[in-house]
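Counting begins at 1 with the first residue of the sequence. Every value quoted in this text rests on a predicted model; they were computed, and no experiment measured them.
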Amino acid sequence: MDPNPTRPISNRTPLLDQIDIPADLRKLPEEDLRQLADELRAELIDAVSITGGHFGASLGVVELTVALHYVFDTPHDRLVWDVGHQAYPHKILTGRRDRIRTIRQGGGLSGFTKRSESEYDPFGAAHASTSISSALGMAVARDFRGEHRNVIAVIGDSAMSGGMAYEAMNNAGAMDSRLIVILNDNDMSIAPAVGAMSAYLSRLLSSKSFMSLRHIAKEVARHFPRRLEDAARRAEELARSFITGGTLFEELGFYYVGPIDGHNIDHLLPVLKNVRDSNESGPVLIHCVTEKGHGYLSAEQAEDKWHSVNKFDVVTGTQAKSTPKAPQYTTVFAKSLITEAEKDDRIVAITAAMPSGTGLNLFGDKFPKRCFDVGIAEQHAVTFAAGLAAEGMKPFAAIYSTFLQRAYDQVVHDVAIQSLPVRFAIDRAGLVGNDGQTHAGSFDVTYLGCLPGFIIMAAGDEADLVHMVATCAAIDDTPSAVRYPRGEGIGVPLPEQGAPLEIGRGRIMREGTKIALLSFGGRLNECMKAAQELGTYGLSTTVADARFAKPLDTDLIRRLARDHEVMITVEEGAIGGFGSHVLHHLAMTGMLDQGLKIRTMVLPDVFLDHDSPQAQYDQAGLNARHIVAMALSALGRELAQQPARA
């Protein structure tokens, strides 16, 4: 019977149409779950073809998602996804199907799990390797309160490469709190062949009788002489590791079950039920083997399994592509680094599981032995780079701004204090559009700018990025960083080769007399537009590109402050960054004592939701019209609807 009789049922998804929340799913007979999974996959393919988004990982967990919500009593049982980009099927089954075609769009669903979005998202996750730690915290909180609920963490094999996951497993293995970890293994190749025998053994190992027998055997063995007890324990571990390959997880204190076929519901259900119904304490790890992109041929055949996609044609698999007006900043960085590496064989590149995202796949194609992908391990990446620098190499650590936050202690302790010349290429600086608040590069200037000895640059356009890569390559006595936005440049001609810039020197882009706009980074073009519009108000405007936040171009700042009535700093970063450094310098040198009207434009003190980049910067108040309004406000004037030319 349809639990939602007012909803029309289609021929394409008759079972899925009956499900609004997982409680509806649990009313279905088990024999219907295979069909439901097929319908769920079809719905996912159709939805993402319209919106784009993370695709391959979600396709790979369709059956696992159905099985988890069928066996466990969500949301009472806590289900934590790591990373959230595999949670699209979860969103469809948890009351959000009617909004799934808004995912990653302005005002729509987040592309990741988000606590404020649904009670079925008990923990937000967009950075990897956090699920076991957060789930363990939930399990301990449950035990403190004497509650009865399961806590399940689903972690992908890439996320399992992050050191935080092992820290959490080590902690969990030493505790009695009941915790279920599902390893979604779609790339590790650590499992033997998955089939009927493996499914049978997994059911056996997860069964009450086996787990109880194992417990009894341990208790009996304790009464043996120590030598015999150790021998019995080693024999049991050897037998289990030979059968399952779970030695690593057993050594960390987890009861290991698997591997099992994550696409076979008949294999998944009995194992999940056994683990759910077990009264044993301590953590359990269920090893599921899946395939990214499973069930959609184009995704299965692609090398990257269609990790993240644009809108696409479901029949042909052809992705929609806009005609670029200018090269991507990421590509400009990669090609510039290749050029520098051709001249200097000490240059090496490091990425933390983002070779294509940072452009280092191009560098790796050219210099495979000089490019290192260390996995989701930003802390290790930074200290690894520091070790390379200590021995005279020239490491470039290409890491998104938002991911570099994860390695801040290493940046301070292992790089800055020792003044090691690690070069940080900080991609995704500023707002990042549909990836939203979790991936916005808002804080790097603030958290790096307070470190002694750091040289910090930001590219105002793609040509300047070429020169800044060359500048980083030339700096060999202190750490340096260059930040640049996501997306396309502004269309300026690119130099064939970069030329090192004079450290701590900006440039004047346009001369004026009344208002000075001092830009740092990717808002430079908006400042140029604003200056043009301010001219229609009769306000002569200078535009300067600071280029450096540290060291500041104090001569340029002094000149702008002395020769203009209004001075506005503009940056795509949080408070405490470039503008704060400028204000501090002006205050300490007395240049604020002469009546200068100074304003600093930064990102607002909120986490901005996902939207188009243009809409995000409108919300942030950092587009040209906002700069014009700020300048007029400083002069006690208002923005006119149609300003007359002076």
Side-chain angles (χ1 to χ4, degrees), residues 48-56 104-106 111 298-299 302-304 306-313 316-340 349 351 354-366 398 400-402 425-436 439-441 458-470 482-498 509 519 521-529 545 572 610-618 622-624:
V48 179
S49 74
I50 294 170
T51 64
H54 294 101
F55 190 47
R104 291 161 57 89
Q105 314 298 308
S298 295
E303 185 176 344
D304 64 357
W306 278 32
H307 171 72
S308 183
V309 298
N310 297 318
K311 301 174 184 179
F312 63 93
D313 183 281
T316 65
T318 303
Q319 294 190 46
K321 292 185 179 179
S322 58
T323 303
K325 299 175 183 176
Q328 299 274 330
Y329 277 100
T330 298
T331 304
V332 172
F333 159 71
K335 291 182 176 179
S336 301
L337 186 59
I338 289 170
T339 300
E340 296 301 320
T351 179
M354 297 299 291
S356 59
T358 59
L360 290 192
N361 57 325
L362 304 177
F363 185 91
D365 290 343
K366 181 75 174 178
Y400 291 4
S401 170
T402 184
I426 303 177
D427 204 331
R428 270 55 169 185
L431 302 176
V432 293
N434 52 25
D435 275 338
H439 284 61
D461 56 48
E462 60 269 40
D464 225 29
L465 178 56
V466 177
H467 298 309
M468 288 180 178
V469 172
V482 53
R483 75 191 307 258
Y484 45 95
R486 180 183 191 175
E488 296 177 1
I490 61 176
V492 298
L494 292 175
E496 288 189 14
Q497 295 231 1
M509 307 297 294
S519 174
R523 295 289 90 192
L524 178 61
N525 198 43
E526 293 299 308
C527 286
M528 295 295 287
K529 293 177 184 176
D545 178 11
E572 48 192 359
H610 53 280
D611 209 327
S612 69
Q614 175 69 28
Q616 282 192 318
Y617 279 111
D618 269 338
L622 286 176
N623 283 328

- Task: Decide yes or no on side-chain contact (heavy atoms from CB on, under 4.5 Å) for L465 and V482, but give the supporting numbers first.
- Result: CA-CA 8 Å; L465 178 56; V482 53; 3.8 Å; yes

- Item | side-chain contact (heavy atoms from CB on, under 4.5 Å) assessment of Q105 paired with T51 | CA-CA 8 Å; Q105 314 298 308; T51 64; 3.9 Å; yes

- Dump the intermediate steps for side-chain contact (heavy atoms from CB on, under 4.5 Å) on T339 and Q497, then the final yes or no. CA-CA 7 Å; T339 300; Q497 295 231 1; 4.0 Å; yes

- Query: Is there a side-chain contact (heavy atoms from CB on, under 4.5 Å) between L337 and L360 once you walk through the steps?
  - Reply: CA-CA 9 Å; L337 186 59; L360 290 192; 4.0 Å; yes

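Judged as a ring pair (Phe, Tyr, Trp, His ring centres under 6.0 Å), and not counting sequence neighbours, the contacts of Y400 are F403. A search for ring pair (Phe, Tyr, Trp, His ring centres under 6.0 Å) contacts involving Y617 returns nothing, not counting sequence neighbours.
Summarising the geometry of G441 relative to S401, their closest heavy-atom pair is CA-OG, 3.3 Å, with the distance given to 0.1 Å. The shortest heavy-atom contact between Y329 and G460 is OH-O, 4.0 Å. The two residues E462 and G489 make their nearest non-hydrogen contact at OE1-CA, 3.4 Å. Smallest separation of non-hydrogen atoms from S519 and C527: CB-SG, 3.8 Å. Between A326 and G491 the shortest heavy-atom distance is CB-N, 3.5 Å. Across A459 and Y484, no two heavy atoms sit closer than the pair CB-CB, 4.4 Å.
When atom types are taken as modelled, the side chain of Q616 and the backbone of G433 share a donor-acceptor pair closer than 3.5 angstrom.
The CZ atom of F363 sits 15.0 Å away from atom NZ of K335, with the distance rounded to the nearest 0.5 Å. Note that the CG atom of D545 and the CG atom of D461 stand 7.0 Å from one another [nearest 0.5 Å]. Atom OG1 of T358 sits about 8.5 Å away from atom CZ of R428, to the nearest 0.5 Å. Note that CG of L494 is 7.5 Å distant from OG of S336, once rounded to the nearest 0.5 Å. Atom CG of L622 sits about 8.0 Å away from atom CD of E572, to the nearest 0.5 Å. To the nearest 0.5 Å, atoms CD1 (I338) and CD (E340) are separated by 11.5 Å.
In this structure the side chain of K325 reaches within 4.5 angstrom of the side chain of E488, judged on heavy atoms.
The pair R486-D435 meets the salt-bridge criterion, with a side-chain N (NZ, NE, NH1 or NH2) lying under 4.0 Å from an Asp/Glu carboxylate O.
Side-chain contact, D427 with T330: a donor N or O sits under 3.5 Å from an acceptor N or O.
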